[in-house]
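Just so it is clear: chains get the letters A, B, ... in the order the sequence lines come, proteins before strands, and each one is counted from 1. These numbers come from a predicted model, not from an experiment. Below, all heavy atoms of this structure are taken into account, side chains as well, without hydrogens, waters or symmetry copies.
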Amino acid sequence: MTDANQPYIVVPAGGPQQAGVRPDEDLLEGLNRPQRDAVTFRGQALLIVAGAGSGKTSVLTRRVASLLRTKDAWPSQILAITFTNKAAGEMRERVSQLIGDRAQGMWISTFHSACVRILRREAEQFGFTKSFTIYDSGDSRALIKRLVKEHEADTYGMTPSGVMSRISKLKNELADAESYARSANMTDPAERIFVELFADYQRSLQKANAFDFDDLIGQVVYLFRAFPQVADSYRRRFRHILVDEYQDTNHAQYALIRELTRPPGSDAPPMAGGGGMMIFDAEPDAEDGASLTVVGDSDQSIYAFRGADIRNITEFERDYPGAKVVLLEQNYRSTQNILNAANAVISHNFDRKDKKLWTDVGEGEKIIGFTGYSQHDEAQFVADETEALRKAGIDYSQMAVFYRTNSQSRALEEIFIRSAVPYKIMGGTKFYERAEIKDALAYLVAVANPADEMAVRRILNKPRRGIGDVTETAIARYAADEGITFRDALANASALGVGPKIQAGIAHLDAVLAEASALMVPSTGELPPPTAVADGLQLLLSKTGYTDALRASRDPQDEARVENLDELVAVAREFARNNPEGTIVDFLTEVALVSDADDLEDASGSVSLMTMHTAKGLEYDAVFVTGVEEDLIPHRISANEPGGPQEERRLFYVGVTRARKRLYLSLAMTRAQFGEVTVAMPSRFLQEIPTELMHWRQSPGDVNSRGGTQSRALNARRGGPGSSGGFGGGGNTGRYGADLVPLPRRESSDISKFANRIPAKVRDNGDMELGPGDRIRHDDFGEGKVDLVTGEGAKRVAHVRFDRVGAKKLLIKIAPIEKL
DNA sequence: TTCGGTGGATTTTTT
DNA sequence: ATCCACCGAA
């Protein structure tokens, strides 16, 4: 870029700048024109449409730095929201690199962390205390499970997870039980039960002084709406709000941002009871709402399943009239071949603004395809290839393997261990979801928030104290009779009418909890020492006999559990070191909100394994996208949901665009699931990639034409990729193996190699006329009758009752159907 | 109350 | 294949 001398058409809000050098000139170095515009724009609303790899993070951090440098904002006036804690950490890091310590005082965090911060301050306003617990999805599920049982809702076919996801969806729409009940069909007994469950769940949370994940957002919105003066204090504080990954925000998050960007004082209702009206001297722009910057890419929206609403970004200009829009389309990450493939695939999504990524780094290598006989075979290919790449000078830490579902990681792990390839699984089975860790944390919660009955119940009989269902119920009854909490009931073991042994057990538990409380939450008002949390945790684990019980066990897994607990204590010590003032509540907040995916890249020296969802926002020199099969990507479950297959395509797009130099797409002909071997078909997405971009080491046709299905991954040792030039799929060549004579170069990228052909062209039934009563035939589901057609245009959805497989919803435009 | 066995369901993605 | 809920025996 050589346009550094072009005049900027920028009017800094903070007053006239000196002619000549801008104070943020150095921040613009190396940026292209649109990127500069995005950094320097000053105004109410800015939408940055940032394609994959277009330098979005760089732009965002520089924009923040620029706001500070030009004195358009104080650090405390900035609120930057990212999707993960990791992204927040990186952003903070990069901003301080640009402008130094002034980064202190900014709020850079996730939606959830920011909301917790607000809720902790304001909790007392609406019936919670500062030390509220945060329920993760496991906790919510446990609670809902209990309620489902109590309400005998299972007789209506309700499952805990079903109820949970419905509640979550509703909360994401800012609905509560009451508002839902108003629109629900309350003559349906199942609906009535559900409403009761929902209400009961919410009451339980309130009683436990707890918020679930969704509440963290939703309750802040309620808070702001119910207490305008509280909202105003945040509106006055945050003058610049920046939101990353805006395409993945849900309605509650959208509403939160709307609340925050309102002009202060704008929604003060007629003051009830003459409460002190706040008069502010007209600070220059006190009447304006905060300036809002959102960054996103609708092609990378992959969280609709959990309530993300793509319209938040597509309709941004309508929501914020006069918004400036900046498009970043130049890609600085990948080779043109990779981008062409990505563009080709994503262009199959209709109903999207056309956008083409481009780069000036050149074509690069072809995309390598490989088909294994089994998932192990596929994994062996990946392992061999990582080895070859490392020999070619690429560090393991610059390689990543993606898959659609977590369960696919197993085969990869097995083979990686066998092949001695160092790897790290990102965000898989979570450390904080292990039973022993949850137990330990429940002990801490019992101390920090005694109102949380769930936590106390959880630890009641861990380790074994002979307390079973009967005793638990007795405690609950006693607590209810006396009007005290479940926790306090423990202090009166003798009154419960249970055996002496059990009484002693309860009394002991109560004493240990009390001792830990004295240590971690001194009632004298003085601050506990920084080590209090770690010490208290250790005290709880040893004095309750928890660790001893594990050590005494014969189960070999229990040894690992003890190690995990040691690890947790170490985490607590580390926390104390980083936060000398940190309380037990702060610690619990951190572990509730920090996920393992946030572990900064201590993946040094190892290959990263993760789901495609986790991969969002990351990039690697070499990327393996595995399991590129129908029913996996696109996932089978998505097929029935309107918009599902398109979201899957975006997910695949996200995976592909993570690669800088080399991209591998692999699949297996057979895949074992539920212990059964099933035949897999190549994903339709493969056929959306122009054949000339790919080089198949072993195409689906190669594998199938030999009819071989035996897996040889576990004993075959192959030649490295160096010896495997271009094996053609002749049929008599044997397999890709060590003992083969390379055939004359013949690329097997021909689409005819696909053994299981799936329609290469995307169907377009856009103009099919369909109405209730029509009969149709579906390629997979057979014949059925249309009940109802909803939606408009490209989004028309047919609700069909199939003769064989029951009711399905189909997107008419693309479903493989014909009218009969 | 605990333990062990059996049968059934289970796997989409995550702050 | 693996995890969980449920059941009957100690």
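B:dT1 atom C1' lies 9 Å from atom CZ of A:R464, rounded to whole Å. Computed from coordinates, the A:Y432 OH to B:dT14 P distance equals 18 Å when rounded to whole Å. Atoms CD (A:Q247) and C1' (B:dT14) sit 15 Å apart, rounded to a whole Å. Whole-Å rounding puts the A:D214 CG to B:dT14 P distance at 16 Å. Distance NE2 (A:H613) to P (B:dT11): 16 Å, rounded to an integer number of Å. We find that CZ of A:R404 is positioned 9 Å from P of B:dT14, with the value rounded to whole Å. Rounded to whole Å, atom C1' of B:dT15 lies 18 Å from atom OH of A:Y135. Atom CG of A:N85 is separated from atom C1' of B:dT14 by 12 Å (rounded to the nearest Å).
For A:F213 and A:G466, each mapped to the nucleotide of DNA chain B holding its nearest heavy atom, the one lying further toward the 5' end belongs to A:G466. Of the residues near DNA chain B, A:S638 and A:V470, the one whose nearest nucleotide (by heavy atom distance) lies more toward the 5' end is A:V470.
Taking side-chain N and O atoms only, A:S113 has no distance below 4.0 Å to OP1 or OP2 of B:dT15. An OP1 or OP2 oxygen of B:dT15 is reached within less than 4.0 angstrom by no side-chain nitrogen or oxygen of A:N250. Applying the 4.0 Å criterion to OP1 and OP2 of B:dT14, one finds that A:T611 has a side-chain N or O inside that range.
Checked against A:E472 for a salt bridge (charged side-chain N to carboxylate O under 4.0 Å, His left out), the options A:R457, A:R477, A:R458 give a single hit: A:R457.
As judged by a 4.0 angstrom heavy-atom cut-off over every strand, A:T471 is placed among residues touching the sugar-phosphate backbone only. Here A:T405 lies in heavy-atom contact (under 4.0 Å) with sugar-phosphate atoms only. Within 4.0 Å (heavy atoms only), A:F111 reaches no atom of the nucleic acid at all.
Out of B:dC3, B:dT14, B:dT13, the shortest distance to the side chain of A:R306 is found at B:dT14. Nearest to the side-chain atoms of A:H112 among the listed nucleotides B:dC3, B:dT15, B:dT13 stands B:dT15. Which of B:dT2, B:dT15, B:dT13 sits closest to the side chain of A:N461 comes down to B:dT2.
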Quick one: what's the B/S/- string for nucleotides 1-10 of chain C, heavy-atom cutoff under 4.0 Å, read 5' to 3'? BS--SS----
Could you go through A:E378 and A:R671, starting from their C-alpha distance and side-chain angles, then the distance that decides it, and tell me whether this counts as salt bridge (Lys or Arg N to Asp or Glu O under 4.0 Å)? CA-CA 10 Å; A:E378 178 192 20; A:R671 194 166 285 275; 3.0 Å; yes
Run the salt bridge (Lys or Arg N to Asp or Glu O under 4.0 Å) test on A:E245 and A:K56 for me, step by step, so that the C-alpha distance in whole Å, both residues' side-chain angles and the decisive distance to 0.1 Å come before the verdict. CA-CA 10 Å; A:E245 308 284 12; A:K56 155 195 93 163; 3.3 Å; yes
Mind running side chain to side chain contact (heavy atoms under 4.5 Å, CB included) on A:Q247 and A:I313 for me, showing each step along the way? CA-CA 5 Å; A:Q247 77 281 355; A:I313 194 162; 4.1 Å; yes
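Looking at A:D377, its side chain does come within 3.5 Å of a backbone N or O of A:Y373 through a donor-acceptor pair. A:S683 places a side-chain N or O within donor-acceptor distance of the main-chain N or O of A:I633, the cut-off being under 3.5 Å. Under the 3.5 Å distance criterion, the side-chain polar atoms of A:H112 are left unmatched by any main-chain donor or acceptor of A:L593.
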Hey, can you pull the donor-acceptor pairs under 3.5 Å for the side chains in residues 501-508 of chain A, sequence neighbours left out?
{"from": "A:Q503", "atom 1": "NE2", "to": "A:V498", "atom 2": "O", "distance (Å)": "3.0"}
{"from": "A:H508", "atom 1": "NE2", "to": "A:K543", "atom 2": "O", "distance (Å)": "3.4"}

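Both thresholds, 5.5 Å between centres and 30° between ring planes, are met by A:F305 relative to the base of B:dT13, so the two rings are stacked.
Spacing between B:dT13 and C:dC4 at atom P, rounded to whole Å, works out to 15 Å.
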